[in-house]
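Before any comments, here is the structure.
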Amino acid sequence: ANQEAREHYNRALEVCERLGEAVQPATRMTLYAGKGAVHLLLSEFHASIEAHQRLLEVARQRGDRHEEAEALYQISFGFLFAHEFEQALEFSHQAQALASEIGNQTILAASLFVIAFVHAATGKLDEATHGVEEALRVSREAGETGREGFNLSLLGQLYNWKGEYEQALRLAEQSVTIGHTHDLQLI
């Protein structure tokens with residue numbers, strides 16, 4: 001189904017190109033966001049990044065700061081999964097700064113998660129712990145239960161790697177409870 005969705009997005013974007021200015025920027029942004037999400041699900045990380053970079057261009061042309069912040073975060077997330085950590089940090093810091101500026105707590109929490117995850121993946125466990133604790137705080141303030149679950153999961157892993165198994169287990173249990181309660185299959 002994801003391959004079919006990818007092809008539908010490609011065809012829709014081809015039509016947009018042919019129609020030019022007749023297509024609303026919001027429609028283009030929706031299509032690029034969907035295409036980027038499908039590529040991410042298919043583990044086509046660079047294609048996901050490319051689609052979100054196109055979304056970023058349209059958002060900036062339109063002056064839509066919230067979509068710009070979302071695109072920056074999505075680009076950072078793609079680079080995280082592509083294991084291009086410097087790029088992931090660069091874009092997540094941009095997303096973090098813009099999210100702070102415009103008061104978008106959801107993107108702020110998401111960008112902090114990417115930063116913390118990069119630190120965890122590169123062995124900077126103290127920085128990762130501090131970062132994910134901040135991401136957890138922001139996600140809770142924003143009422144972002146899914147992000148809270150991801151943050152708890154990562155924080156549990158960090159405590160596990162530090163040998164603090166009881167705390168790791170408590171955090172993992174909280175994460176799993178959130179996942180079950182809210183039918184979040186990735187947690």
Side-chain angles (χ1 to χ4, degrees), residues 1-6 8-9 26 29-45 48-49 51-52 55 59 64-82 88 91-92 95-96 98-100 102-121 125 127-162 164-187:
N2 288 326
Q3 290 89 352
E4 291 172 350
R6 178 186 54 206
H8 288 302
Y9 281 115
M29 290 191 304
T30 298
L31 292 172
Y32 285 128
K35 181 179 178 180
V38 168
H39 281 298
L40 189 72
L41 289 171
L42 292 168
S43 298
E44 297 168 347
F45 305 122
S48 175
I49 292 164
H52 285 108
L55 168 60
D64 187 331
R65 308 285 315 265
H66 289 277
E67 284 295 328
E68 180 181 351
E70 175 71 29
L72 289 165
Y73 157 68
Q74 292 294 343
I75 293 166
S76 76
F77 201 65
F79 278 124
L80 172 66
F81 276 90
F91 281 94
S92 58
Q96 176 189 13
L98 182 54
S100 293
I102 63 175
N104 187 326
Q105 294 293 93
T106 299
I107 299 301
L108 179 59
S111 61
L112 289 169
F113 176 82
V114 171
I115 293 166
F117 202 106
V118 168
H119 289 314
L125 300 186
E127 289 178 53
T129 301
H130 174 72
V132 78
E133 286 171 343
E134 178 68 8
L136 178 60
R137 182 188 64 75
V138 173
S139 64
R140 284 178 171 159
E141 287 176 3
E144 289 288 330
T145 308
R147 294 195 194 285
E148 179 183 356
F150 283 118
N151 286 312
L152 287 166
S153 178
L154 178 56
L155 191 57
Q157 281 296 327
L158 290 166
Y159 277 99
N160 182 52
W161 294 336
K162 292 178 180 185
E164 297 179 35
Y165 303 118
E166 288 182 29
Q167 178 67 356
L169 181 59
R170 280 192 296 277
L171 293 164
E173 288 171 342
Q174 290 175 38
S175 176
V176 169
T177 298
I178 287 172
H180 286 300
T181 302
H182 298 281
D183 197 28
L184 303 171
Q185 297 176 2
L186 294 176
I187 298 178

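Just so you know, these numbers use all the heavy atoms, side chains as well, and skip hydrogens, waters and symmetry mates. Starting from 1, each residue takes its place in the sequence as its number. Keep in mind it's a predicted model, so treat the numbers as computed, not measured.
Applying the salt bridge (charged side-chain N to carboxylate O under 4.0 Å, His left out) test to R65 and every residue at least two apart in sequence or in another chain returns E68, E101. Here T145 pairs with I178, H182 under the side-chain contact (heavy atoms from CB on, under 4.5 Å) rule; sequence neighbours left out. Partners of E70 under the salt bridge (charged side-chain N to carboxylate O under 4.0 Å, His left out) rule, at least two apart in sequence or in another chain, do not exist in this structure. Remark: Q105 pairs with no residue by the side-chain hydrogen bond (donor to acceptor under 3.5 Å, both in side chains) rule, at least two apart or across chains. By the ring pair (Phe, Tyr, Trp, His ring centres under 6.0 Å) test, Y32 is found to be paired with no residue, residues two or more places apart in sequence or in another chain being considered. Residues passing the ring pair (Phe, Tyr, Trp, His ring centres under 6.0 Å) test with Y159, sequence neighbours excluded: none. Annotation: ring pair (Phe, Tyr, Trp, His ring centres under 6.0 Å) contacts of F150 (sequence neighbours excluded): none. Scanning for side-chain contact (heavy atoms from CB on, under 4.5 Å) contacts around A172 gives an empty result, with sequence neighbours left out. Every residue two or more places apart in sequence or in another chain that forms a side-chain contact (heavy atoms from CB on, under 4.5 Å) with E134 is listed here: L112, R137, V138. Q3 is linked by a side-chain contact (heavy atoms from CB on, under 4.5 Å) to R6, L42, counting only residues two or more places apart in sequence or in another chain. F81 pairs by the ring pair (Phe, Tyr, Trp, His ring centres under 6.0 Å) definition with F45, F77, not counting sequence neighbours.
The shortest distance between side-chain heavy atoms of H180 and T177 does not fall below 4.5 Å.
Shown here for L80 and A88, the closest heavy-atom pair between the two residues is N-CB, 3.7 Å. Across every non-hydrogen atom of S92 and V114, the tightest pair is CB-CG1, 3.9 Å. Contact detail for G78 and I49: the closest heavy-atom pair is C-CD1, 3.7 Å. Residues A109 and A135 approach most closely at O-CB, 3.8 Å, considering heavy atoms. Looking at every heavy atom in both residues, V132 comes nearest to A116 through N-CB, 3.5 Å. Between A120 and A128, the shortest heavy-atom contact is N-CB, 3.5 Å.
With rounding to the nearest 0.5 Å, the separation of CG in L55 from CG in L72 is 9.0 Å. Within the model, atoms CD of Q157 and OG1 of T129 stand 11.5 Å from one another, a figure rounded to the nearest 0.5 Å. L136 contributes atom CG, which lies 11.0 Å from atom CZ of F113 (distance to the nearest 0.5 angstrom). Atom-to-atom distance recorded for L158:CG and E133:CD is 9.0 Å, nearest 0.5 angstrom. The line from CG of L155 to CD of Q174 is 9.0 Å long, rounded to the nearest 0.5 Å. Rounded to the nearest 0.5 Å, atoms CD (Q74) and CD (E67) are 10.0 Å apart.
Residue-environment remark: CZ (F79) exceeds the threshold of 12 foreign heavy atoms within 6.0 Å.
A distance-only check finds no donor-acceptor pair linking the side chain of S48 to the backbone of E44 [under 3.5 Å]. A donor-acceptor pair under 3.5 Å is absent between the side-chain atoms of S76 and the main chain of F91, judged by distance alone. Between the side chain of S153 and the backbone N or O of G149, no donor-acceptor pair lies under 3.5 Å. No side-chain donor-acceptor contact under 3.5 Å links S175 to the backbone of L171.
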Start with the C-alpha gap between D64 and H66, add the side-chain angles, then the distance that decides, and say whether side chain to side chain contact (heavy atoms under 4.5 Å, CB included) holds. CA-CA 6 Å; D64 187 331; H66 289 277; 3.8 Å; yes
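The salt bridge (charged side-chain N to carboxylate O under 4.0 Å, His left out) contacts involving residues 147-162 comprise D126-K162, R140-E148, where partners must be two or more places apart or lie in separate chains.
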